[in-house]
J.: 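After the structure tokens below, expect a handful of questions from me.
Note that the structure is predicted; figures quoted are calculated from it, not measured. The sequence lines fix the lettering, A, B, ..., with proteins before strands; numbering per chain opens at 1.
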Amino acid sequence: MKKTMTSIREEFPVLDQQVYGHDLIYFDNAATTQKPRSVIDAVSGYYEKDNSNVHRGIHALSHRATEAYEAARARAAAFIGAGSEKEIVFTRGTTEAINLVASSWCNRYLKPGDRILLTEMEHHSNLVPWQLAAERTGAELVFVPVTGDEGLLQLDRLDALLAGNVKLFAFTHISNALGTINPVAELCRRARDQGVVTLVDAAQSVGHAPLDVSGIGCDFLAFSGHKMCGPTGIGALYGRRDLLEALPPYHGGGEMIRKVDLHRSEWKGVPHKFEAGTPHISGAIGLHAAMDYLDEIGRKAIYSHDRELGEYAAERLRSLRNLRLLGPPAERAGIASFHLPNVHAHDVVSFADRRGLALRGGHHCTQPLMKRLGLESTVRASFYIYNTKEEIDRFVEVIEEIQAFFG
Amino acid sequence: MKKTMTSIREEFPVLDQQVYGHDLIYFDNAATTQKPRSVIDAVSGYYEKDNSNVHRGIHALSHRATEAYEAARARAAAFIGAGSEKEIVFTRGTTEAINLVASSWCNRYLKPGDRILLTEMEHHSNLVPWQLAAERTGAELVFVPVTGDEGLLQLDRLDALLAGNVKLFAFTHISNALGTINPVAELCRRARDQGVVTLVDAAQSVGHAPLDVSGIGCDFLAFSGHKMCGPTGIGALYGRRDLLEALPPYHGGGEMIRKVDLHRSEWKGVPHKFEAGTPHISGAIGLHAAMDYLDEIGRKAIYSHDRELGEYAAERLRSLRNLRLLGPPAERAGIASFHLPNVHAHDVVSFADRRGLALRGGHHCTQPLMKRLGLESTVRASFYIYNTKEEIDRFVEVIEEIQAFFG
Amino acid sequence: MQDIADLYQAVILDHNRRPRNFGEMENPDRVAVGDNPVCGDHYTVFLQMDGDRIREITFHGAGCAISKASASVMTSMLKGKTLAEIKALYSDFHHLVTSGEIDEGNLSDLSAFAGVHQFPARIKCATLSWHAALNAAERPGEEPEPVTTE
Amino acid sequence: MQDIADLYQAVILDHNRRPRNFGEMENPDRVAVGDNPVCGDHYTVFLQMDGDRIREITFHGAGCAISKASASVMTSMLKGKTLAEIKALYSDFHHLVTSGEIDEGNLSDLSAFAGVHQFPARIKCATLSWHAALNAAERPGEEPEPVTTE
Ligand SMILES: Cc1ncc(COP(=O)(O)O)c(C=O)c1O
Ligand SMILES: Cc1ncc(COP(=O)(O)O)c(C=O)c1O
């Protein structure tokens, strides 16, 4: 990394605290990441200097707010390699972005008997919206199976599945539960070959790896600001321009209309057609600062740092007895998920918490995957730019202490 | 007010600036209000100390974040007199709250031939969602007419309209375009007498006046944080508990489920059933601080301050020649909307901007109302706690200068 | 300093390792399920009644140490109690796990759960099996919905 | 100090008060509508053509001073010009209102709009009637969609 670890850690105020008398070790980054000073200041600075509503005003503050909001959109387009800022719709996060497609796209294109292909490793946010869409449209859901504890997609089945009247294929880039990195470009190519529209759930990848939608070749892609150093309440849907243009609007309201009569209305062009009401202006501006911050460190550097920590944690955990490590044997993201047969995940997390260690225990919003693995829950440690190998050593020590305590 | 004007103004950092060499006069409060230091700090403080995802975690930060998020919900319930925090669904703002009802409620209850009653003075956000719902369900829209320039509802027609197979009546509490204050409790009572469900668009009232949903007797009520000193990207839907419980979910995703299988899911109880995905945690926390701030000043005091400024501005404007003042003759909110026959609204706003004065010109997201008034646009000055009569005097001076310049 | 040992008292660790009254019942009068989908805790409580008095009680299922030990201690204590007595005891227990205060002398092994109040996320673990038992005892006849604590 | 007079040059105020070529045309060859629903500006541009050369041009409608003066100045200048000449002139005009730079000598009264670039929200007002005129001149035959600047 271009910055030193010390300088990075100093940029995150939250890290400078003790929890129950121990230095905080924050290993819950797959749930949400911490925010650097520059992001916090961008949000405050907006409220202190430029706060105004966007789009409809021509006074100075409104102009500044509009410019800043639209600059964030252009930045997001550039950040993920979109061809135009018109391909970026701001949403509350990944979940809302997926719901938008599951509503507008499915309502327009799906008919009874059509199929939506998902995988067995999806986050509930990339599963439940499609269940609701299937119920509304009469479409069916089918799933790419996942191999056992390694958590890899069974890709030999993919082409046959795609051929079975599938209209849309939605899948995660990186599994939040296991750390599996899916070969997104290949998945999109194989879907495209059969005329299937693709949506990539990039919640776990946009802030962690270089990413380019044109290289990936997806039709839609969704991500959340809060998982990439940005504020809460903001995220985006990338959509290929021609696809977005063909879609009906999502919500109705101010900002998204061109002309309104009492009984009918005309919509603005993309992307504003999909953004009804006052948007989360400070969120977009904070997300802009977050993207700048990540690029300052370098996304390649972040990717290797995260993966190095993931590998290191996996290696250390493999050496413990009575521990079932989940996730891929190689090519693991910065996520280590495991099961202790003798200790329930919640007991692990409660205990670890009293040692200053923030872990997640549970189904990680992937209940069907847990079922597939024959588990109710796992313990998950997930890493980011400010985490270190020393923290992982301490973490392994605590896990050993827990095993002894409950043993 | 309990606080002095000077102390209030000092609490809003944005006010301390010059625009084109003039002290900023911010009269665009109906579009969005400014934020006091305490709200800005609540948002930063969350990111600096407690940032974590909510609900699914049991480590210290996650617990703090969850407590703070749910405390904001309880605060919002108390703020508007709801019976329980379970009646508060956090949304992006008023627009999303109305879309939620227009989607979940209308899809469940409306059939072809049913009617939705609105008024001719609605903001597009309380019109377009119902147009989309009507298109989906085969229901029809009908409208309470508005009298001429005074912008009052023609209430002698109301009972007859309600009797015509109306299932839902949605209307604004305070008109953002004209400053009309509608008799919400009476409207709700008359609707209830005919078994009609009510939704109040309280975007312009929750931050400006004492408000109590049980006194009003509405079934749903929507508002936006950014119009009441709170952050962008957060707002809420109040819904009577039994009504919310009977509704299908809105979005699908994490946080809103109880149990997920590959092909079907079960939902959490209210309000979480309606909040899919990671919520806007910092937004809810900032909104909490905003509600505390407003109650510290006192909402009764705010209401009389705003109305006093509205009356004062109206009186001053009435004395100008060649100016058509719109809105009610009495009982005006802190909003003064007018038309200069010889100068287009955008020219007024551009000119005023160079005098440091932030006004809004346009249709204010109420195109049908503008049409009713025979106008394309108006100029609007809208006031809040930090505005003064001296600012209004200066504003009138600038309007006179504009009339002379273009005369 | 509050430490983890406040939560995991010896009594709790012991009941977790060797839960009492653990297993399915052959001929229960009533059955209720308690479910916390968030963490995957799920228990079934089986009852045989004498009028409104519990004659036999067992539980089955899986979950964290707190929920399992709580179910184990609970079943040990409810045998022979009436519905009214169970409600009174639950009220004391609920007060204990939310406040940490031990008011009553008859909590016995339940007082091991006093530390739970320092771990608010775990209160639901401690009360899950109680909700199921009360649900079963209160609603004779009906096939009860699973109770859930989320 | 940039002031409001930079935007509202005397030429603009004059054309706003007394717009030239203002009115509907009896027998137009082509008609196009320009619309900015955000501020309610809307104009119709009427053309009579000699091949790809404009013979007569008028406009009608309502809007702010900038959009009305721009339409008025534009109609005064486009008479007798070919489509290619119009495009070249629009390109210079667009450069002017977005940059404030006056490169070319043939802008004539259009140079009064140099101040618009300091008022970015008003650039669309200045170009609205141009979009309509180009739309009409470029698409013979078809009934064109209204152009809009939002
Ligand atoms: C009366 C009224 N309703 C609804 C809205 C929409 O609110 P928001 O844009 O915050 O969703 C507004 C504000 O623009 C309003 O003034
Ligand atoms: C893979 C994946 N998809 C979707 C989501 C949902 O994101 P959000 O809650 O920000 O909408 C998450 C995060 O929880 C995730 O990890």
Side-chain angles (χ1 to χ4, degrees), chain A residues 13-14 19 28 31-32 34-35 40 43-44 47-49 51-53 56-61 92-93 95-96 99 123-125 128-129 131-132 141 143 224 226 231-233 251-254 257 260-265 276-278 280-283 346 349-350 353 358 360 362 365 367-368, chain B residues 13-14 19 28 31-32 34-35 40 43-44 47-49 51-53 56-61 92-93 95-96 99 123-125 128-129 131-132 141 143 224 226 231-233 251-254 257 260-265 276-278 280-283 346 349-350 353 358 360 362 365 367-368:
Chain A
V14 84
V19 170
D28 195 17
T32 201
Q34 298 303 337
K35 322 302 172 200
I40 300 172
V43 172
S44 306
Y47 289 132
E48 286 161 5
K49 296 192 211 91
N51 176 66
S52 176
N53 213 324
R56 289 169 297 180
I58 47 187
H59 58 76
L61 266 55
R92 179 165 36 248
T95 303
E96 194 187 28
N99 275 277
H123 189 280
H124 295 161
S125 289
V128 182
Q131 291 179 345
L132 296 175
L141 304 185
F143 296 88
S224 301
H226 72 94
T232 59
H251 292 161
I257 55 85
V260 177
D261 284 327
L262 284 177
H263 291 279
R264 61 179 298 280
S265 302
T278 303
H280 183 10
I281 307 166
S282 76
H346 274 200
V349 176
S350 276
D353 181 41
R360 236 341 104 159
C365 291
Q367 287 184 7
Chain B
V14 83
V19 170
D28 195 18
T32 200
Q34 298 302 338
K35 321 303 172 201
I40 301 172
V43 172
S44 308
Y47 289 133
E48 285 162 4
K49 297 192 210 91
N51 177 65
S52 176
N53 213 323
R56 288 169 297 179
I58 48 186
H59 58 76
L61 267 54
R92 180 166 35 249
T95 303
E96 194 188 26
N99 275 276
H123 188 282
H124 295 160
S125 289
V128 182
Q131 291 179 346
L132 296 174
L141 304 186
F143 295 88
S224 301
H226 71 95
T232 60
H251 291 162
I257 55 86
V260 177
D261 284 328
L262 285 176
H263 292 280
R264 61 179 296 281
S265 302
T278 303
H280 183 11
I281 308 166
S282 76
H346 274 199
V349 176
S350 275
D353 181 41
R360 239 337 107 156
C365 290
Q367 287 184 8

J.: Hey, do the aromatic rings of A:H226 and B:Y47 have their centres closer than 6.0 Å?
T.: no
J.: If you count heavy-atom pairs under 4.5 Å between each of A:E96, A:H124, A:K49 and chain B, which one has the most?
T.: A:H124
J.: For the residue pair B:H280 and A:H280, categorise the inter-ring angle as parallel (less than 30°), tilted (30 to 60°) or perpendicular (more than 60°).
T.: tilted
J.: B:G283, B:S265, B:G93: which one forms the most heavy-atom pairs within less than 4.5 Å of chain A?
T.: B:S265
J.: If we define contacts as heavy-atom pairs under 4.5 Å, which of B:A60, B:S52, B:G252, B:G233 has the most with chain A?
T.: B:G252
J.: In Å and rounded to the nearest 0.5 Å, what is the CG to CG distance from B:L61 to A:D28?
T.: 9.0 Å
J.: Looking at A:G277, is its backbone amide N or carbonyl O close enough to the side chain of B:S125 to form a donor-acceptor pair, meaning the two atoms are under 3.5 Å apart?
T.: no
J.: Specify which of B:A276, B:P13, B:P368, B:S282 makes the most heavy-atom pairs with chain A at under 4.5 Å.
T.: B:P368
J.: So, taking the atom named NZ in B:K35 and the one named OG in A:S44, what distance separates them when rounded to the nearest 0.5 Å?
T.: 13.0 Å
J.: From A:S350 OG over to B:H59 NE2, what is the distance, rounded to the nearest 0.5 angstrom?
T.: 11.0 Å
J.: Checking the side chain of B:N53 only, and the main-chain atoms of A:T32 only, is there a donor and an acceptor separated by less than 3.5 Å?
T.: no
J.: Work out which heavy atom in B:C365 is nearest to a heavy atom in A:G254; give both atom names and the distance.
T.: SG-CA, 4.0 Å
J.: Taking the side chain from A:Q367 and the backbone from B:V260, do they hold a donor-acceptor pair closer than 3.5 Å?
T.: yes
J.: Do any N or O atoms from the side chain of B:Q131 and from the backbone of A:D261 form a donor-acceptor pair under 3.5 angstrom?
T.: yes
J.: Spell out, as yes or no, whether a donor-acceptor pair under 3.5 Å connects the side chain of B:N99 to the backbone of A:H251.
T.: no
J.: Using a 4.5 angstrom heavy-atom cutoff, name the option from A:D353, A:L262, A:V43, A:V19 with the most pairs to chain B.
T.: A:L262
J.: Against chain B, work out which of A:V349, A:L141, A:T95, A:N51 has the most heavy-atom pairs shorter than 4.5 Å and name it.
T.: A:N51
J.: Looking only at heavy atoms, which two atoms of A:T232 and B:I281 are closest? And how far apart?
T.: OG1-N, 3.3 Å
